[in-house]
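Chain A is the first sequence line, chain B the second, and so forth, proteins listed ahead of strands; every chain is numbered from 1.
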2 protein chains.
Amino acid sequence: MGASLKDVAQLAGVSVKTVSNVVNNYPHVTPAMRERVQRAIDELGYRPNLTARHLRKGRTGIIALAVPELGNPYFAELAGAVIDAAARHDYTVLLDHTAGLREKEVLVSQGFRAHVIDGLILSPIELEAEDLLGRPGDAPLVLVGEREYDAPYDHIAIDNVAAARTAVRHLAGLGRQRIAFLGARREMARQPAHLRLRGWREELTAAGLPHDDSLVAATDGYGRWDGAAAMNALLDRGAQPDAVFAYNDLMALGAMRALVERGLRVPQDVSVVGFDDVEEGRFSTVALTTVSPDKQAIARLAVERVVARLAGAPQLQPERIRPGYTLVARESTAPRTG
Amino acid sequence: MGASLKDVAQLAGVSVKTVSNVVNNYPHVTPAMRERVQRAIDELGYRPNLTARHLRKGRTGIIALAVPELGNPYFAELAGAVIDAAARHDYTVLLDHTAGLREKEVLVSQGFRAHVIDGLILSPIELEAEDLLGRPGDAPLVLVGEREYDAPYDHIAIDNVAAARTAVRHLAGLGRQRIAFLGARREMARQPAHLRLRGWREELTAAGLPHDDSLVAATDGYGRWDGAAAMNALLDRGAQPDAVFAYNDLMALGAMRALVERGLRVPQDVSVVGFDDVEEGRFSTVALTTVSPDKQAIARLAVERVVARLAGAPQLQPERIRPGYTLVARESTAPRTG
DNA sequence: CTGAAAGCGCTTACAG
DNA sequence: CTGAAAGCGCTTACAG
């Protein structure tokens, strides 16, 4: 049991209000009074009970972040950036992961831990727009990532179509003609890879290249293993790509591994481009070319948006915000010289 | 503004106690009463205010986890496992990272967010035993990882000396004679690599191999870049190792990258063993041999320990708990055949 | 099985 | 510049 405000007030011989003033650095307190109270605080080892404060103020200073999978370094790096950005606004971060399961995403979006979180940043995979309809509570929700919704919520995401086109253009510029796409899904409509696949298709057309659907590999997940499996499936059915654009770095890395195992050389035989710019791609034996979204900006904007809404920014319209990205060319798409 | 218990009670024409009984699934409530109350709850869209509950009960159901760096996949994977383990006990996880900075670790260990977290799991890098002395508050603290302290706290960590010896034994068994260690620090006493370096030294002795200090590379950090830099430094000073045991997988991966850049082959010229078994090592072009700590067990045990202390387990002595580990041999230490 | 009331530890008008 | 008092929304003995 720690000491309470009342205990401190009693020891210092003042009212709780005065102690509260001191604790909260209320300016108009005489130095003598401040010192007297501080002495009592030190003596008792008093620490304010934040829970009581929360109840009283209706705010906790905690925002939740829910990502699909912390094992994916993209989300781990993003989470780190969100924690830092939140700290700059004196917020702490409650972290949850959804495994990309709609059910879990719904649970989270409906406000898990009601009243203990002031706001929520969610990176959904399978969530549908209708799931967002009757959100109870008033904790602001900010969406992050490549899924798009017709829903009145802020959404922070780079322009995935344009970014994908940049990647494909890079490959086409290298003279590659049979550019595969790894990471589609069976039903395409609203899946995460949707926009990147569209970018792939658009840019192929722009480059005057046919888009051969046998060069598209569908997967169930988005990890290294899925990338390797998709690559193998493609090769097994005789697709013979000379380049691969993968949904993300993890899949690209898995694909590279599969290529090497089959005796194909990267980049000489097959060029590879990923998406996310996770650190690991910089250190793979063949360093990975990738689309690098500005993760710091994504994290910062998401947090700022939550904070602005909490500050009651008047008439803040739900907005689609597009942070920047760059194509980082590395060894996996080095021009054929040797 | 959500509805309160009182609002529900009023609408249902009962006392708040009765509503509380329903909300908390108190068994002795007549079905008719339960239904009446439930109807009022539904109508008002009532959701209990957890903050108030927390204040009243003195518990929040939140435990904090502080790791050095989420960008290190080992910690990201561990964090994921902790979140899952905590969920099994109905706890949510507040996540923070310390960058391995003593100052931040002290802050965290002193109970950041007092009263909002019920307990704390901390993986320290630079924290000293004395920093743990006058911990205020009574939130249980469980330590995790390779730093060891003479302090009355639970500590979950695999046997780092034995694990390191296993790795070095594996290398020696391959006939390697000049086994380098990557990841020491300038002042060795209490640094994280301490125990693994000791294991390296002990096993070298046991194997009848001299331990040449020129084969030990010190680093400042523990990332991929540090591993590459340490490897290069070692090679630059003409050390000529035929094997490398790195403090962790990230450093091992960085070292492999450096070796390849210098035209050295892994494993033919230099065998490499890491530590952590992060998924990325399974997919590197040369799959990485590693010591694999049982992360699930570490996470589970840490959470269980916090929960047990919160449940007021009587006379629970602070304990050092040692989860298991295995050596996973992969391509980076394949026997020389070719 | 249900109700009336106190209290968790704060903050904040409202006085003075 | 400081004090007395109400109230945030729950839970929990204590009665009945």
| request: State, with a plain yes or no, whether a side-chain heavy atom of B/L78 is found less than 4.5 Å away from one of B/V144. | output: yes
| query | Would you say C/dG3 has OP1 or OP2 under 4.0 Å from some side-chain N or O of B/S15? | reply | yes
| task | Using atom CG of B/L44 as one end and atom P of D/dG9 as the other, report the distance to the nearest whole Å. | result | 14 Å
| said: Check this for me, if you would: do B/R102 and B/E130 make a salt bridge, where the nitrogen-to-carboxylate-oxygen distance has to be below 4.0 angstrom? | reply: yes
| query | For the pair made of CG in A/N24 and C1' in D/dT2, what is the distance, rounded to whole Å? | reply | 15 Å
| Could you give the CG-to-P distance, from B/L5 to D/dG9, as a whole number of Å? | 10 Å
| Starting at CZ of A/R59 and ending at P of C/dG9, how long is that distance when rounded to a whole Å? | 24 Å
| query | Rounded to the nearest 0.5 Å, what separation is found between the CG atom of A/L132 and the CG atom of A/L141? | reply | 6.0 Å
| request: Starting at atom NZ of A/K6, determine the distance to atom P of D/dG3, rounded to an integer number of angstrom. | output: 16 Å
| message | Does C/dT2 have OP1 or OP2 under 4.0 Å away from a side-chain N or O of B/T30? | response | yes
| request: Using whole Å, report how far CZ of B/R34 lies from C1' of C/dT2. | output: 13 Å
| Please, which pairs that meet salt bridge (Lys or Arg N to Asp or Glu O under 4.0 Å) have at least one residue in residues 21-39 of chain B, sequence neighbours excluded? | B/E35-B/R39
| field | Each stem that DNA chain C is part of, given as range with range (3 or more consecutive Watson-Crick or G-U pairs, under 3.5 Å) | value | C:1-3 with D:14-16, C:5-12 with D:5-12, C:14-16 with D:1-3
| message | Could you go through A/R147 and A/N160, starting from their C-alpha distance and side-chain angles, then the distance that decides it, and tell me whether this counts as side chain to side chain donor-acceptor pair (under 3.5 Å)? | response | CA-CA 10 Å; A/R147 288 297 307 275; A/N160 274 273; over 6 Å; no
| note | Among the nucleotides D/dC10, C/dC1, C/dC10, whichever has the atom closest to the side chain of B/H28 is C/dC1
Do any N or O atoms of the protein come closer than 3.5 Å to N or O atoms of nucleotides 12-14 of chain D, and which pairs are they?
residue : atom : partner : partner atom : Å
D/dT12  : O4'  : B/R56   : NH2          : 3.3

| task | Step through it carefully: locate the ring centre of B/Y26, locate the ring centre of B/H28, and say whether they are under 6.0 Å apart. | result | yes
| request: Write down the atom of B/E148, the atom of B/R322, and the distance for their closest heavy-atom approach. | output: OE2-NH2, 3.5 Å
| query | Hey, does the side chain of A/T18 come within less than 4.0 Å of D/dC1's phosphate (OP1/OP2), counting only N and O? | reply | no
| field | Which residue lies more 5' along DNA chain C, comparing A/V23 with B/L55 via nearest heavy atoms | value | B/L55
| Is it true that B/D96 and B/K104 make a salt bridge, defined as a side-chain N closer than 4.0 Å to a carboxylate O? | yes
| For atom CZ of A/R53 and atom P of C/dC8, their distance in whole Å | 18 Å
| request: Would you verify whether the NZ or CZ of A/K295 falls within 45 degrees of the ring axis of A/F75 while also being under 6.0 Å from that six-membered ring's centre? | output: no
| What is the distance from OH of A/Y26 to C1' of D/dC1, rounded to the nearest Å? | 8 Å
